Amino acid sequence: MTARTPKPQDGASEPRPRSTQLRDRELQRRRTDMLSAVRTLIRKGGAQAVTMRSVADAIGASTTMVYSLFPDKATLISHALKRDFTELSRLLLEAAGDSGSATERVRRVALAHAKHGPAHPPPYRLLVMAQRPPPTIENSGIEYGNLSEDAYALLCGLVQAMASERGLDSPAQEIQTVAQIIWEGVHGLVALRLTIDQDPWFQRLPLDEHLNILLDVLLTGIDARWAHLPGASKNTAKKASSAHK
């Protein structure tokens with residue numbers, strides 16, 4: 001009697017043909033090779049060294065193959081850096097934790113950010129110091145608003161919590177602007193440490209001490225700004241003072 005192939009149960013999908021599985025594995029291998037080539041090209045010549053042709057040549061493929069997996073250069077570069085984005089985002093999310101005031105959590109996030117750059121110079125430079133074309137949100141490879149991947153969303157959420165603790169209902173653009181100011185301050189500190197830290201003209205404090213002073217100045221300025229926003233109550237300054245303690 002000839003054995004019969006059992007039919008899949010209702011709701012179960014039939015296994016994909018072996019040829020399809022092999023093709024998918026080959027495409028995944030090609031994709032991994034492309035992203036590795038992008039990182040190498042950026043390290044050697046910056047983002048301007050990355051073209052669909054240069055990536056294709058680096059892995060011995062056609063530009064048609066590259067375009068079949070990535071629609072443009074910006075998407076290709078963003079996906080190549082996704083691992084670094086995710087690593088930094090998860091580090092900052094862990095540093096933020098759930099305890100303490102929003103201001104305390106911002107300080108912990110800022111310190112984790114400031115320490116990450118000098119500890120990982122090459123990936124940090126690739127991530128936020130190499131000029132590159134911006135991808136669309138849909139093609140970035142990062143899930144928008146996912147705090148384990150989107151570090152900017154994490155910081156915006158913490159700034160929103162800071163405003164709430166001060167009794168403010170700030171517009172979304174105000175929250176984003178303040179988040180950007182904090183990010184720019186911390187990143188500026190890191191970038192200078194990575195580029196001219198040994199310059200004899202500068203007598204630098206230890207990173208932790210320097211960062212705390214920077215945050216004192218930034219947060220005091222933010223509170224002074226918020227105290228004059230429409231809707232700020234007389235208790236805003238008092239709440240801000242207690243939040244810093």
Side-chain angles (χ1 to χ4, degrees), residues 78 85-86 88-117 124 127-129 131-132 134-138 140 142-194 204-245:
S78 183
F85 276 115
T86 302
L88 177 59
S89 297
R90 290 178 178 170
L91 172 70
L92 300 186
L93 182 60
E94 181 179 344
D98 298 318
S99 63
S101 69
T103 302
E104 291 169 342
R105 297 175 71 201
V106 165
R107 284 183 176 274
R108 294 200 296 263
V109 166
L111 180 59
H113 182 167
K115 287 187 173 181
H116 178 77
Y124 189 85
L127 192 61
V128 290
M129 296 179 69
Q131 187 176 13
R132 53 191 171 83
T136 64
I137 290 177
E138 294 76 16
S140 67
I142 300 299
E143 183 181 352
Y144 184 77
N146 181 343
L147 301 189
S148 65
E149 297 184 3
D150 187 348
Y152 180 60
L154 170 64
L155 184 55
C156 285
L158 291 175
V159 172
Q160 179 67 69
M162 282 174 50
S164 297
E165 288 178 353
R166 288 153 174 75
L168 290 173
D169 183 16
S170 299
Q173 184 57 63
E174 175 68 16
I175 297 301
Q176 291 216 25
T177 300
V178 170
Q180 290 161 23
I181 287 170
I182 294 172
W183 189 288
E184 289 157 1
V186 177
H187 169 64
L189 182 155
V190 175
L192 289 173
R193 296 263 171 167
L194 288 177
R204 294 196 181 280
L205 294 171
L207 187 145
D208 292 29
E209 186 177 351
H210 192 144
L211 177 66
N212 279 326
I213 295 172
L214 172 66
L215 290 173
D216 285 344
V217 172
L218 287 176
L219 293 170
T220 299
I222 290 166
D223 281 325
R225 171 179 171 77
W226 280 354
H228 294 88
L229 288 180
S233 67
K234 294 181 179 179
N235 292 326
T236 298
K238 185 181 295 185
K239 290 181 179 179
S241 177
S242 62
H244 280 295
K245 293 179 180 179

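These numbers come from the heavy atoms of this one structure, side chains and all, not from hydrogens, waters or symmetry mates. If you're wondering where the values come from, they're calculated on a predicted model, not measured in any experiment.
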Legend entry - Those residues that, when tested against Gln173, pass side chain to side chain donor-acceptor pair (under 3.5 Å) (two or more places apart):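 Scan of Gln173 (side chain to side chain donor-acceptor pair (under 3.5 Å), adjacent residues dropped) gives Thr177.
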Inset, instruction - Begin from the C-alpha positions of Val186 and Leu111 and carry the test side-chain contact (heavy atoms from CB on, under 4.5 Å) through to its verdict. - result: CA-CA 8 Å; Val186 177; Leu111 180 59; over 6 Å; no
Legend entry - Residue from Ile213, Leu214, Asp208 passing side chain to side chain contact (heavy atoms under 4.5 Å, CB included) with Leu211: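 Passing option: Leu214.
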What I'd like to find out is whether the side chain of [X] reaches to under 4.5 Å of the side chain of [Y], using heavy atoms alone.
{"X": "Leu91", "Y": "Lys115", "value": "no"}
{"X": "Leu189", "Y": "Leu207", "value": "yes"}
{"X": "Leu194", "Y": "Met129", "value": "yes"}

Value rounded to 0.5 Å, distance of [atom1] in [X] from [atom2] in [Y]:
{"X": "Ile175", "Y": "Asp169", "atom1": "CD1", "atom2": "CG", "answer": "8.5 Å"}
{"X": "Arg107", "Y": "Leu158", "atom1": "CZ", "atom2": "CG", "answer": "13.5 Å"}
{"X": "Ser140", "Y": "Glu149", "atom1": "OG", "atom2": "CD", "answer": "8.5 Å"}
{"X": "Leu147", "Y": "Leu155", "atom1": "CG", "atom2": "CG", "answer": "11.0 Å"}
{"X": "Leu93", "Y": "Thr86", "atom1": "CG", "atom2": "OG1", "answer": "12.0 Å"}
{"X": "Met162", "Y": "Ser101", "atom1": "CE", "atom2": "OG", "answer": "8.5 Å"}

Legend entry - Residue Arg204 excluded, over 12 heavy atoms near CZ under 6.0 Å: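 Counting neighbours around CZ of Arg204, more than 12 heavy atoms of other residues, nucleotides or ligands fall under 6.0 Å, so yes.
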Inset, instruction - Report, as yes or no, whether the 6.0 Å neighbourhood of atom CD on Glu94 holds more than 12 heavy atoms from other residues, nucleotides or ligands. - result: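 Count not over threshold, so no.
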For the residue pair [X] and [Y], what are the closest heavy atoms and their distance?
{"X": "Glu174", "Y": "Trp226", "answer": "OE2-NE1, 2.9 Å"}
{"X": "Leu218", "Y": "Ile182", "answer": "CD1-CA, 4.3 Å"}
{"X": "Val109", "Y": "Ala96", "answer": "CG2-CB, 3.6 Å"}
{"X": "Asp150", "Y": "Ser89", "answer": "N-OG, 3.7 Å"}
{"X": "Leu92", "Y": "Ala151", "answer": "CD1-CB, 3.9 Å"}
{"X": "Ala102", "Y": "Glu165", "answer": "N-OE2, 2.9 Å"}

Inset, instruction - Quick one: which residue pairs count as a ring-ring contact (aromatic ring centres under 6.0 Å, His included) with a foot in residues 142-178, not counting sequence neighbours? - result: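 Output for this query is empty, none listed.
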Legend entry - Selection residues 93-116 - residue pairs positive for ring-ring contact (aromatic ring centres under 6.0 Å, His included), sequence neighbours left out: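 Residue pairs passing ring-ring contact (aromatic ring centres under 6.0 Å, His included), neighbours aside: His113-Tyr124, His113-Trp183, His116-His120.
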Inset, instruction - Please check if the side chain of Arg105 supplies one atom and the backbone of Gly97 the other of a donor-acceptor pair under 3.5 Å. - result: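 The answer is yes, because a donor-acceptor pair under 3.5 Å joins these two groups.
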